[in-house]
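Because the structure is a prediction, the values reported are computed rather than measured.
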Amino acid sequence: MGWNNQISNGGELTFMYLYNQTKLISSKQLDEKINTKKRTKYIISYNLGYNIGYLTQATSGITFKFGRLYLSNWATDLFNQLNTVSQIIADENEKEMNLNNSKKQYELYLFVNISPALTLYNGSLHGGISDTKYRLPYWETGFINAQGRVGPAWTTKYHSLAIYYAIKTPEMWNSYKRLHSWGGASLSFYWK
C-alpha cells in the first residue's frame, strides 16, 4: 500500500545507530597504507558492522578494487561519504591521509562489493512503534539477504564519480518476493 503505511503513516520518531569497521586483507598493504605515494593495482578490504534502530541488522562484506589506486585512499566508500570521512581523517597520527591532501592523485578503477546481512527488524517492513495498519509478518521476512555493486570509479583530489549496477536478494519471503536490481551514479565533491 506504499510508504505512507509502512512507518506509521509518518510522524513517528525513528533512530538508528550504525557501527562499521573496515580493514585491509593484505598485511603487506596494511603496513604500507600510510605511504601516500604508494601506488597499487589492487586493494581488497572487508568490513563488519551493525545497525540498531529502525533497521536492526548485522552486516559483513568484501570489496575488490582493481586499477590505478593509492593505498592512502584504501578506506574510501563511494556510497557512504560520512563514513568515509570519519575513517580517513579521524586518526591524527595519519594526517597525510586527509582527503584534501595535495599529494593525492587521480584513481581510476573497477570495484566489486558483496555484502550479506542478517536483519532482525526493518521498520519499513514490520511497521513502527505505534499502531500500523500494514505490517509484514516476521515469518514472511527475508532475514538473511545480500547485495552487491559493480562498476567503474574515478577519483581526484576534489571529487569522486562511480557508475554502478546493484543487485539485492529478496527482503520478503512470500508471493511478493523478487530480486531487486538497479543502476546509478554517485558523484561527490570535497571542500577543504
So if I apply the side-chain hydrogen bond (donor to acceptor under 3.5 Å, both in side chains) rule between N47 and each of N20, T59, T22, which one comes out positive?
N20

Considering residues, nucleotides and ligands other than W139, do more than 12 of their heavy atoms fall under 6.0 Å from its CH2?
no

Decide yes or no for S60 and P116: does some side-chain heavy atom of the first lie under 4.5 Å from some side-chain heavy atom of the second?
yes

Hydrophobic cluster identity match, Y19 and L120, side-chain contacts under 4.5 Å:
no

Where do T141 and H126 come nearest, in terms of heavy atoms and distance?
OG1-NE2, 2.8 Å

Compare every heavy atom of F111 with every heavy atom of P152, then report the nearest pair and how far apart it is.
O-CE2, 3.7 Å

Taking atom CG of L48 and atom CD of Q21, what is their separation to the nearest 0.5 Å?
6.5 Å

So R68 and Y109, side-chain contact (heavy atoms from CB on, under 4.5 Å) or not? Walk me through it.
CA-CA 6 Å; R68 179 190 164 98; Y109 59 92; over 6 Å; no

Decide whether T155 and E107 meet the rule of one side-chain donor and one side-chain acceptor closer than 3.5 Å.
yes

Donor-acceptor pairs under 3.5 Å, side chain of residues 165-180 to any protein atom, not counting sequence neighbours: which ones?
unit_1: K168; atom_1: NZ; unit_2: E171; atom_2: OE2; d: 3.2
unit_1: T169; atom_1: OG1; unit_2: A146; atom_2: N; d: 2.8
unit_1: T169; atom_1: OG1; unit_2: A146; atom_2: O; d: 3.4
unit_1: N174; atom_1: OD1; unit_2: Y176; atom_2: N; d: 2.8
unit_1: N174; atom_1: ND2; unit_2: E140; atom_2: OE1; d: 2.8

Answer yes if I52 and L55 sit in the same cluster of Ile, Leu, Val, Met, Phe, Trp and Tyr residues linked by side chain heavy atoms under 4.5 Å apart, and no otherwise.
no

Mind checking whether Y54 and Y50 sit in one hydrophobic cluster, side chains of I, L, V, M, F, W, Y counted as touching below 4.5 Å?
no

Looking only at side chains, do H159 and S188 share a donor and an acceptor under 3.5 Å apart?
no

Between atom OG1 of T63 and atom CG of N113, what is the distance when rounded to the nearest 0.5 Å?
3.5 Å

Take F66 and K41 through the test side-chain contact (heavy atoms from CB on, under 4.5 Å) and record every step on the way to the result.
CA-CA 6 Å; F66 305 97; K41 293 180 181 176; over 6 Å; no

The reported gap from CG in L108 to CH2 in W154 (rounded to nearest 0.5 angstrom) is 9.0 Å

Report whether I114 and L118 are members of the same hydrophobic cluster (ILVMFWY, side-chain heavy atoms less than 4.5 Å apart, transitive linking).
no

Apply side-chain contact (heavy atoms from CB on, under 4.5 Å) to the pair T56 and N51, showing each step before the final yes or no.
CA-CA 5 Å; T56 300; N51 307 342; 6.0 Å; no

Rounded to the nearest 0.5 Å, what's the gap from NZ on K65 to OG1 on T40? Could you check?
11.5 Å

In Å, rounded to the nearest 0.5 Å, how long is the span from CZ of F64 to CD1 of I62?
4.0 Å

Excluding sequence neighbours, so at least two apart, what forms side-chain hydrogen bond (donor to acceptor under 3.5 Å, both in side chains) with N145?
none

Atom OH of Y121 and atom OH of Y138: how far apart are they, to the nearest 0.5 Å?
6.5 Å

With a 4.5 Å cut-off on side-chain heavy-atom distances among I, L, V, M, F, W and Y, is there a chain of contacts connecting L125 to F143?
no

